[in-house]
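Note sheet for the following structure.
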There are 2 protein chains.
Amino acid sequence: MFSKATEYGIKAIIYIASQSMLERRVKIGEVVEHIDSPVAFTAKIVGALVKVGIVQSITGPYGGFYIDRHRMDQIKMIDIVTAIDGDSIFNGCGLGLKECDDEQPCPMHYKFVQIRADLKEMLNSTTILELAEGLKSGKSILMR
Amino acid sequence: MFSKATEYGIKAIIYIASQSMLERRVKIGEVVEHIDSPVAFTAKIVGALVKVGIVQSITGPYGGFYIDRHRMDQIKMIDIVTAIDGDSIFNGCGLGLKECDDEQPCPMHYKFVQIRADLKEMLNSTTILELAEGLKSGKSILMR
DNA sequence: TTTATTTAAGATAAAATTGTCTTAAATAAA
DNA sequence: TTTATTTAAGACAATTTTATCTTAAATAAA
């Protein structure tokens, strides 16, 4: 469904957020230990999310990544997916046609419309705050 | 959403089916002209669908691909997707966890459940017959 | 039987994605 | 100021996916 880059990005964000709720900055090494992902690749992805303003970072000793606590309920999953994979998942044609719409639909067009809308709505209404809370309370896990 | 291989496979099947409704066998060259896909790659994918019994083929002059007319309403989209991409789209964890279920859910597990179920249901209830009919009647297109 | 046509199958190549490594820049503490 | 630690950035490498090319096998017509 999502690319590996997006999978790692989402998991990293959730872990960073869960620690930011405890006022903890985390280093990339700690992140990948908790989400089971390749360090350098994950660092690059989280770096992209820093550039886009979703995550904050501090370099040097005692540095690391964190997320503004009061913004956690404003950052939606769709922001993360879009920042890494773009919006083709929501907008692109299911059969890969360049131009596919109600006027000139591919054979599966109307079948896909609802599912894509549901996916978009789900990602649009899910905040990193709620996901991080689920993790912190032990209701969900990021590894295995 | 789907791989290129699956996109080509679905489009090829729909075109072959639409022609089989007119009692026409089609060569791979004709198929790719109508679905705008690379010949050799498409041939390999259609070949895999032949092996699995979804498509029939005849080699040699006057040969080509076709689909048993009376089976068109039995072949579902899910059969094609599964034959090419496997079932990871429906069963795999959205965040890539090996073990992710109601017992040990990833943070997005319950958010994904409904969407995946809807996707599966859609593919499971869509026959190549109806898609081929939509194409033949001009209600849908395979190119552009 | 020979030839032409077509699918079958597998080797090879190109492109995209995923992943690693090296060096630079920032920053805090000694 | 020097050193150690950490993120930033970009080159490089491996893997997977996508795509092509070549040869074989099947088959129909001449």
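Per chain, numbering begins at 1; letters A, B, ... match sequence-line order. What you are looking at is a predicted structure, and each value in this text was computed from that prediction instead of being measured. Reckoned from all heavy atoms, side chains included, excluding hydrogens, waters and symmetry mates.
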Practice item. Return no unless some side-chain N or O of A:S57 is found under 4.0 Å from OP1 or OP2 of D:dA8. Key: yes
Check your understanding: Are the charged groups of B:E133 and B:K139 less than 4.0 angstrom apart, N to O?
Key -> no
Point to revise | Atom pair distance, as rounded to whole Å: CZ in A:R25 and P in D:dT5 | key: 17 Å
Check your understanding: In whole angstrom, what separates A:I58's CD1 from D:dT7's C1'?
Key -> 11 Å
Exercise for review: From the options D:dA8, C:dT6, D:dT20, select the nucleotide whose nearest atom is closest to the side chain of B:A40.
Suggested key: D:dT20
**Study point:** ILVMFWY network linking B:I35 to B:M72, side-chain heavy atoms under 4.5 angstrom
**Key:** yes
Check your understanding: Is any side-chain N or O of B:K44 under 3.5 Å from a base N or O of D:dT20, one able to act as donor and the other as acceptor?
Key -> yes
Exercise for review: Identify which nucleotide among D:dA8, C:dG19, C:dA8 has an atom closest to any side-chain atom of A:F65, counting heavy atoms from C-beta outward.
Suggested key: D:dA8
**Study point:** Closest nucleotide among C:dT20, D:dT7, D:dA8 to the A:I28 side chain
**Key:** D:dT7
Practice item. Name the nucleic acid region contacted by B:G29, choosing base, sugar-phosphate or nothing; use a 4.0 angstrom heavy-atom cut-off, strictly under. Key: nothing
Point to revise | Listed nucleotide nearest any side-chain atom of A:T59, set D:dA9, D:dT7, D:dT18 | key: D:dT7
Practice item. Indicate whether OP1 or OP2 belonging to D:dT6 is found under 4.0 Å from a side-chain N or O atom of A:K27. Key: yes
Check your understanding: Is there a donor on the side chain of A:K4 or the base of D:dT16 sitting less than 3.5 Å from an acceptor on the other?
Key -> no
Check your understanding: With a 4.0 Å cut-off on heavy atoms, is A:Y62 in touch with a base, just the backbone sugar-phosphate, or nothing at all?
Key -> sugar-phosphate
Review point. So, for A:A83 and A:L49, which heavy atoms are closest and what is the spacing to 0.1 Å?
Key: CB-CD2, 3.9 Å
Study note, to complete from the structure: Against the side chain of B:P61, the closest entry in C:dG19, D:dT27, D:dT6 is D:dT27
Check your understanding: Do the side chains of B:M77 and B:L131 get nearer than 4.5 Å, heavy atoms only?
Key -> yes
